[in-house]
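Structure first, then comments.
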Amino acid sequence: MPTIKVTDIAYGRLRAPDLDVMEEFLTDFGMVRAARTRNALYMRGTDPAHHIHVTELGEPAFVGLAWYAASEADLHRLAKLAGASAVEAIDEPGGGKRVRLTEPNGYQIEVVHGIERLAPIPVSRQPLNFGDEPLKRAGVLMRLKRGPAHVKRIGHGVMGSPDLRGTVAWFRDTLGLVCSDDVYAGAKDNIIGSFNRCDRGEEYVDHHVFFCIQHEKKGLNHLSFEVQDVDDVFLGHEHLRQKGKYEHMWGLGRHLLGSQIYDYWADPWGRTHEHWTDTDRINIEAGSNLWSAEDGLVSQWGERPPERMLNRICA
Ligand SMILES: [Fe+2]
């Protein structure tokens, strides 16, 4: 049995030497400022989470990932683990409590509970006249407003590690993540990628909340955020492209494992951030699968990932 079962990913924590530049990128990416202190920037989406992205002022770095505990009692369970912090009050906007742990690559894992929730930011989207619902928008013209995507929530974090097996075992044993799909290259026991989801029993969850890639470098491959719908993915792409100063990493396309329609952009320090919509949602009944890289790591449409995407692991 794992120590606890986290209910979702909460936020990613990065460092950057210029919070104004980071805020400009994240605003262009489609987030909204929740709070800004002298030392840190907290960005939210349209869902009620107080923040889904934290940037501390400092030399560029990936600090770690934060996860929601189901209860405060779960924080006390984690605090008993070797190397864990005590249950501590979070001295940051949104408050709440947390336990800090260190995963096998040395990155900080925060497990949090009781952070303030905010009123959702209203977004209005128009229905589509698609498929067997050809009159969903009968009599109403489609008129989209140009501008950034509207990030809804954080979806997943992706890390590279020289020890994929040890890393994934830690996340499963400590946070209760379960395998959705493992991917091998050559021999079937040579796992090079592992997609993991939250275990919320019968409740349906995103296909993956944590993906780990076997890589000579350890660090962050990308942070990933759900946007409102497919128009939002395309509008967000146009907006970032027209700015003319951001690095496009990969997309658009539709993944096979997870099935998201995706688009990837790097922040001004090269850290990849993903927009996606329409993931597969599965529950504990779905079990776990094993795929070859040739069959599993493909897109249903869209180009193959470029080298810069595959090898961008930020420490
Ligand atoms: Fe992703």
Side-chain angles (χ1 to χ4, degrees), residues 8-14 26 29-31 45 47 52-53 62 64-67 107 149 151-161 164 167-168 171 177-183 191-198 205-215 217-230 232-234 236-237 240 246-267 270-282 289 291 293 296-314:
D8 207 351
I9 188 169
Y11 48 88
R13 192 182 281 272
L14 302 177
L26 292 172
F29 187 78
M31 293 185 203
D47 275 7
I52 57 176
H53 192 291
F62 167 52
L65 301 171
W67 304 82
Y107 292 101
V151 168
K152 184 175 161 58
R153 55 185 280 272
I154 186 168
H156 56 266
V158 178
M159 286 176 58
S161 172
L164 175 144
T167 302
V168 168
F171 278 85
L177 302 188
V178 293
C179 174
S180 293
D181 294 292
D182 277 352
V183 181
I191 305 296
I192 58 150
S194 176
F195 293 89
N196 297 271
R197 66 186 183 279
C198 290
V205 298
D206 291 5
H207 169 271
H208 57 277
V209 72
F210 179 67
F211 178 45
C212 190
I213 308 165
Q214 177 72 30
H215 200 280
K217 286 191 275 185
K218 59 185 181 184
L220 179 74
N221 177 256
H222 66 270
L223 295 173
S224 181
F225 301 88
E226 182 178 4
V227 300
Q228 306 296 322
D229 55 24
V230 71
D232 223 24
V233 178
F234 279 85
H237 180 93
L240 288 161
Y246 300 125
E247 183 183 13
H248 185 237
M249 297 299 287
W250 184 26
L252 290 65
R254 190 188 272 276
H255 291 306
L256 180 70
L257 300 177
S259 302
Q260 301 94 334
I261 295 175
Y262 59 79
D263 188 32
Y264 294 86
W265 292 83
D267 79 5
R271 285 84 60 97
T272 305
H273 289 63
E274 177 184 13
H275 280 153
W276 61 261
T277 189
D278 191 30
T279 188
D280 293 334
R281 292 211 161 97
I282 55 180
N289 302 294
W291 295 76
L297 294 185
V298 296
S299 294
Q300 305 195 53
W301 52 263
E303 57 174 13
R304 292 190 56 76
E307 276 307 299
R308 66 177 175 276
M309 177 72 207
L310 296 171
N311 288 317
R312 185 68 58 86
I313 308 282
C314 295

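Given the structure is predicted, the values throughout are model-derived calculations rather than measurements. Counting starts at 1 for both ligands and their atoms, following the listed order.
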Checklist entry - Looking at the rings of His255 and His207, which for Trp means the six-membered one, are their centres under 6.0 Å apart? => result no

Checklist entry - Taking the side chain from His275 and the backbone from Phe29, do they hold a donor-acceptor pair closer than 3.5 Å? => result yes

Next on the checklist: Which residues pass the side chain to side chain contact (heavy atoms under 4.5 Å, CB included) test with Leu252, not counting sequence neighbours?
Outcome noted: Val233, Phe234, His237, Asp263, Trp301

Next on the checklist: For the Fe ion (ligand 1), what is the number of protein N, O or S atoms at a distance under 2.8 Å?
Outcome noted: 3

Checklist entry - With Cys179, which residues qualify under side chain to side chain contact (heavy atoms under 4.5 Å, CB included), at least two apart? => result Arg172, Asp182, Asn196, Ser288

Checklist entry - Under the side chain to side chain contact (heavy atoms under 4.5 Å, CB included) test, which residues partner Arg281, sequence neighbours left out? => result Arg153, Tyr204, Asp206, Glu226, Trp276, Thr279

Checklist entry - Within the distance-only criterion (no hydrogens, no angle test), does the side chain of Gln214 pair as donor or acceptor with the backbone N or O of Leu164 below 3.5 angstrom? => result yes

